[in-house]
There are 2 protein chains.
Amino acid sequence: MIKVLLAEDQGMMRGALALLLDLEEDMQVVAQVAAGDRIVPAALEARPDIALLDIELPGRSGLDAAADLRDALPSCKVLIVTTFGRPGYLRRAMEAGASGFLVKDGPVEDLAAAIRRVLAGERVIDPGLAAAALSAGPNPLTQRERDVLTAAVDGATVSDIAGKLHLSQATVRNYLSAAIGKTGTRNRMEAVRAARQNGWL
Amino acid sequence: MIKVLLAEDQGMMRGALALLLDLEEDMQVVAQVAAGDRIVPAALEARPDIALLDIELPGRSGLDAAADLRDALPSCKVLIVTTFGRPGYLRRAMEAGASGFLVKDGPVEDLAAAIRRVLAGERVIDPGLAAAALSAGPNPLTQRERDVLTAAVDGATVSDIAGKLHLSQATVRNYLSAAIGKTGTRNRMEAVRAARQNGWL
DNA sequence: GATGCCCCCTGACAAATGTCATGGGTGCGG
DNA sequence: CCGCACCCATGACATTTGTCAGGGGGCATC
């Protein structure tokens, strides 16, 4: 019997997937969590064979949680299940030790199949996405550039960002300018979009 | 037997919900579509009793499709099922003649229950959301202000927007300024966020 | 120990953005 | 007919943003 942990913040999605997996003869959902920081505790409690993790979760990113889980419960495989097939996400997932990366676009049947393949020792990755991740190259942004961009996502002004990060305004503008340059965009807003698109934030 | 049409772009979600609803004794998913402009044709073909519509769909918004469906197949009830419980969405859904508005956050059990309540003639609406929709008031933005804001979402410059909408640059800036004023924000980016948050776009 | 990369800052300049006052044209309801 | 709201436009202004050319300090690597 395959014991599954399910981490997904959308209640309806979580419930539907749990129900669906429980229908499989050889699978059983032994834990369900809605927040990223509940993953490791729940896993230590329930000892699943595989963890299905969404990326964008409240509390802690599924990618960070995957790395935590790798340390806390190495026997547990990780399969990332996400809405967004962003190159940077895939890359980070692999670095965090995930065994598979599935986008929620595909048919549901893929899910159980992917679980079985992962448990059989395979790596499950969308081939098109893998190509995109390779062609996109690694994240070109430095830590500080990411900080500044993430602080700029919801329309904060330069002085807002400077205040939040305890930086000079001129410095903030320099980082923004660098990020704009590296993303090949024309302004802050496009840079934020491009960085998010690639999973660089 | 309740015949259900399911419109949802995310394959995994769509499949899982379909499977789940088919498990109900008295329900049957008679049509599944992934794009908004497929809703009416599929409904005319399959003659469902109720249509479950996501809002943010490729092709045509679920809200617009709800209005179309109202004309094309008045016997079919509409239940909006969406990720985003935005006040403006709820308001528009009601204006489009929807009988219910469900957010995907809640437990799956709510879904079948909501379907039955809608078919029994009830209106199904999250009470907290209804309150938010009322307190937020109606959309204060004019058509043109919406156009300009939507054209500005992904970082387009003033001249980009002016070109796309065939307007003078000064005019675009006036509309943007008006939108910023009405949303009580400080710049274009915040205005876009606020307008989206409220479902005004 | 030189090189390179990142961090943080300054100052100055050009361009884009946001605001305001002002105008004319349309269509709608009182 | 008048008021009102919306549409589109202009010009002028202050502010913000993006760019460029610097300089200093830390840390790792060759």
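Throughout, a chain's letter reflects where its sequence line sits, starting with A, and its residues are numbered from 1.
- Atom CD in B:Gln143 sits roughly 17 Å away from atom C1' in C:dC28 (whole-Å rounding).
- Salt bridge status for B:Arg60 with B:Asp68: present, with a side-chain N to carboxylate O gap under 4.0 Å.
- Salt bridge annotation for A:Lys104-A:Glu8: present, with a cationic side-chain nitrogen under 4.0 angstrom from a carboxylate oxygen.
- Contact check, B:Thr171 against D:dT10: no side-chain N or O comes under 4.0 Å of OP1 or OP2.
- Across every non-hydrogen atom of A:Leu63 and A:Ala96, the tightest pair is O-CB, 3.7 Å.
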Worksheet item: Which letters describe nucleotides 17-30 of chain D, given B = protein heavy atom under 4.0 Å from base, S = only from sugar-phosphate, - = neither?
Response: BBBB----------
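- One interatomic measurement links the two molecules: CG of B:Asp147 to P of D:dC6, which rounds to 14 Å at whole-angstrom precision.
- Salt bridge B:Arg186/A:Asp160: present, at least one basic N to carboxylate O contact under 4.0 Å.
- Separating the CG atom of B:Leu141 from the P atom of D:dC7 is a distance of 11 Å, rounded to the nearest angstrom.
- D:dA9 atom P lies 11 Å from atom NE2 of B:His166, rounded to whole Å.
- OP1 or OP2 of D:dT10 sits under 4.0 Å from a side-chain N or O of B:Ser168.
- In this structure, A:Lys77 has no side-chain hydrogen bond (donor to acceptor under 3.5 Å, both in side chains) partners at least two apart in sequence or on a different chain.
- Residues A:Thr83 and B:Gln10 bring a donor and an acceptor atom of their side chains to less than 3.5 Å of each other.
- The residue among A:Lys182 and A:Gln169 whose nearest nucleotide of DNA chain C is located toward the 5' end is A:Lys182.
- For C:dG18, neither phosphate oxygen OP1 nor OP2 lies less than 4.0 angstrom from any side-chain nitrogen or oxygen of B:Tyr175.
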